[in-house]
Peer 1: 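I have a structure here, written as structure tokens, and I will follow up with some questions on it.
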Amino acid sequence: MRTRVLLTVLVAGLLASAGIATLRPGAVLGSCAGVPQPPEEAVLFGDVVFVGTVLRTENQGRWATVRVEERWSGARDLPETVEVRGGPEPGTASSVDRTFQPGRYLFIVRQGGGFLVDDACSSTTPWTEELGSLRPADVTPAAEELPTDPFAFVNSDAVPVVAALLVALLVAIVAYLWVLRARRRPPDWIR
């Protein structure tokens, strides 16, 4: 009889441990509920779908400032630039964080509190020409992919000329200050 009670307590303990282990928040909330939808389906069912270019990132690449180029579904009222957060606040992380690199993406996101929310479980993907076939009929393609580099407009051939002009300006300023200082010296000043 004592063996039976001991065996019952042992089995109950194992079942309770297994139940607690499967109910941990990290196990339930820490991964995607399923495989992300292919872009063909996600474009149809996504909350907010648009094409945009990542201009800069913050929070270890998880938060992106994005220039909106094409407004697809649910994106008609988006401003010219939006913030897309692919992870939680700085100093924290989750197993479904999405990181962004500068470049163009097809964003399939949802609304958050003053920003858009994305994660590794969504179908957001870097832009390719093949994705153009998914473009809705009422959306016109972006005129051109604008540069993400703020100095991309600088002609690399003009850099030596500009540098030479800046050096000449610096020499002229130093010479002017030297002459001005020499004029203020008393006549009996000897070095």
Side-chain angles (χ1 to χ4, degrees), residues 26 28-166:
V28 174
L29 302 174
S31 62
C32 300
V35 176
Q37 294 176 321
E40 298 81 18
E41 293 176 19
V43 165
L44 298 174
F45 302 113
D47 292 343
V48 180
V49 181
F50 67 97
V51 176
T53 298
V54 173
L55 301 175
R56 72 173 183 272
T57 61
E58 300 174 61
N59 192 12
Q60 299 175 340
R62 294 181 294 181
W63 294 0
T65 301
V66 179
R67 181 183 50 246
V68 178
E69 296 174 0
E70 298 177 21
R71 291 166 175 84
W72 291 18
S73 101
R76 298 283 177 230
D77 297 329
L78 289 181
E80 293 299 312
T81 58
V82 294
E83 181 180 11
V84 178
R85 293 189 179 183
E89 298 296 320
T92 60
S94 74
S95 64
V96 293
D97 289 353
R98 177 181 296 282
T99 57
F100 301 98
Q101 300 293 323
R104 197 171 191 198
Y105 287 82
L106 172 61
F107 287 93
I108 303 168
V109 297
R110 59 191 182 280
Q111 290 286 348
F115 51 86
L116 299 171
V117 179
D118 198 359
D119 56 40
C121 300
S122 78
S123 298
T124 294
T125 185
W127 180 260
T128 61
E129 291 305 314
E130 292 80 32
L131 294 172
S133 65
L134 303 176
R135 185 179 284 120
D138 60 338
V139 174
T140 56
E144 63 179 63
E145 187 173 341
L146 299 173
T148 56
D149 180 8
F151 298 105
F153 65 93
V154 175
N155 182 353
S156 62
D157 296 335
V159 172
V161 174
V162 172
L165 289 174
L166 288 174

Peer 1: Within a radius of less than 6.0 Å around CG of Asp138, do more than 12 heavy atoms belonging to other residues, nucleotides or ligands occur?
Peer 2: yes
Peer 1: Can you confirm whether more than 12 heavy atoms, excluding those of Glu40, are under 6.0 Å from its CD atom?
Peer 2: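 Yes.
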Peer 1: At what distance, to the nearest 0.5 angstrom, does CG of Leu106 lie from CD of Glu130?
Peer 2: 12.5 Å
Peer 1: With the threshold set at 4.0 Å, does a side-chain nitrogen-carboxylate oxygen contact exist between Glu80 and Arg67?
Peer 2: no
Peer 1: Could you go step by step and tell me if Gln111 and Val48 meet the side-chain contact (heavy atoms from CB on, under 4.5 Å) rule?
Peer 2: CA-CA 7 Å; Gln111 290 286 348; Val48 180; 3.8 Å; yes
Peer 1: Determine the minimum heavy-atom distance between Pro136 and Trp72, stating which atoms define it.
Peer 2: CD-CD2, 3.5 Å
Peer 1: Salt-bridged, Asp97 to Arg85, with N to O below 4.0 Å?
Peer 2: no
Peer 1: Tell me, please, whether Phe50 has Arg71 positioned over its six-membered ring: NZ or CZ under 6.0 Å from the ring centre and within 45 degrees of its axis?
Peer 2: no
Peer 1: Going by heavy atoms in the side chains, are Val66 and Arg56 under 4.5 Å from each other?
Peer 2: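 Not touching, per the 4.5 Å side-chain cut-off.
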Peer 1: For residues Pro39 and Thr125, report the shortest heavy-atom separation together with the two atoms involved.
Peer 2: CG-CG2, 4.4 Å
Peer 1: Is it true that Glu69 and Thr53 share a donor-acceptor pair across their side chains at a distance under 3.5 Å?
Peer 2: yes
Peer 1: Has the side chain of Asp118 got a donor or acceptor atom that lies under 3.5 Å from a matching backbone atom of Phe107?
Peer 2: no
Peer 1: Measure across Val43 and Ser73 and return the closest heavy-atom pair with its distance rounded to 0.1 Å.
Peer 2: O-OG, 4.0 Å
Peer 1: For the CZ atom of Arg98 and the OH atom of Tyr105, what is their distance to the nearest 0.5 Å?
Peer 2: 8.0 Å
Peer 1: Is there a donor-acceptor pair closer than 3.5 Å between any side-chain N or O of Thr124 and the backbone N or O of Ile108?
Peer 2: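 Here the side-chain-to-backbone pair exists.
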Peer 1: Please check if the number of heavy atoms outside Glu83 that lie under 6.0 Å from its CD is greater than 12.
Peer 2: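 Check passes, neighbour count above 12.
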Peer 1: Heavy atoms only: give me the nearest Val117-Gly112 pair and the separation to one decimal.
Peer 2: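 Heavy-atom minimum between the residues: CG2-CA, 3.7 Å.
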Peer 1: Please answer whether the main-chain N or O of Thr128 pairs with a side-chain N or O of Arg104 as donor and acceptor at a distance below 3.5 Å.
Peer 2: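 Such a contact is absent between Arg104 side chain and Thr128 backbone.
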Peer 1: For the residue pair Trp63 and Pro90, what are the closest heavy atoms and their distance?
Peer 2: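 Minimum heavy-atom contact is CH2-CD, 3.7 Å.
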Peer 1: Of all the heavy-atom pairs spanning Val68 and Pro79, show the shortest one and how long it is.
Peer 2: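 Taking every non-hydrogen atom into account, CG2-O, 3.5 Å.
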Peer 1: Quick one: does Arg62's side chain have a donor or acceptor within less than 3.5 Å of a partner on Gly87's backbone?
Peer 2: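 No.
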Peer 1: For the pair Val82 and Val109, evaluate side-chain contact (heavy atoms from CB on, under 4.5 Å) and give the outcome as yes or no after the intermediate values.
Peer 2: CA-CA 12 Å; Val82 294; Val109 297; over 6 Å; no
Peer 1: Before giving the answer on side-chain contact (heavy atoms from CB on, under 4.5 Å), spell out for Phe100 and Val84 the whole-Å C-alpha distance, their side-chain angles and the decisive distance to 0.1 Å.
Peer 2: CA-CA 10 Å; Phe100 301 98; Val84 178; 3.8 Å; yes
Peer 1: Would you mind reporting whether Thr65 and Val54 have side-chain heavy atoms less than 4.5 Å apart?
Peer 2: no
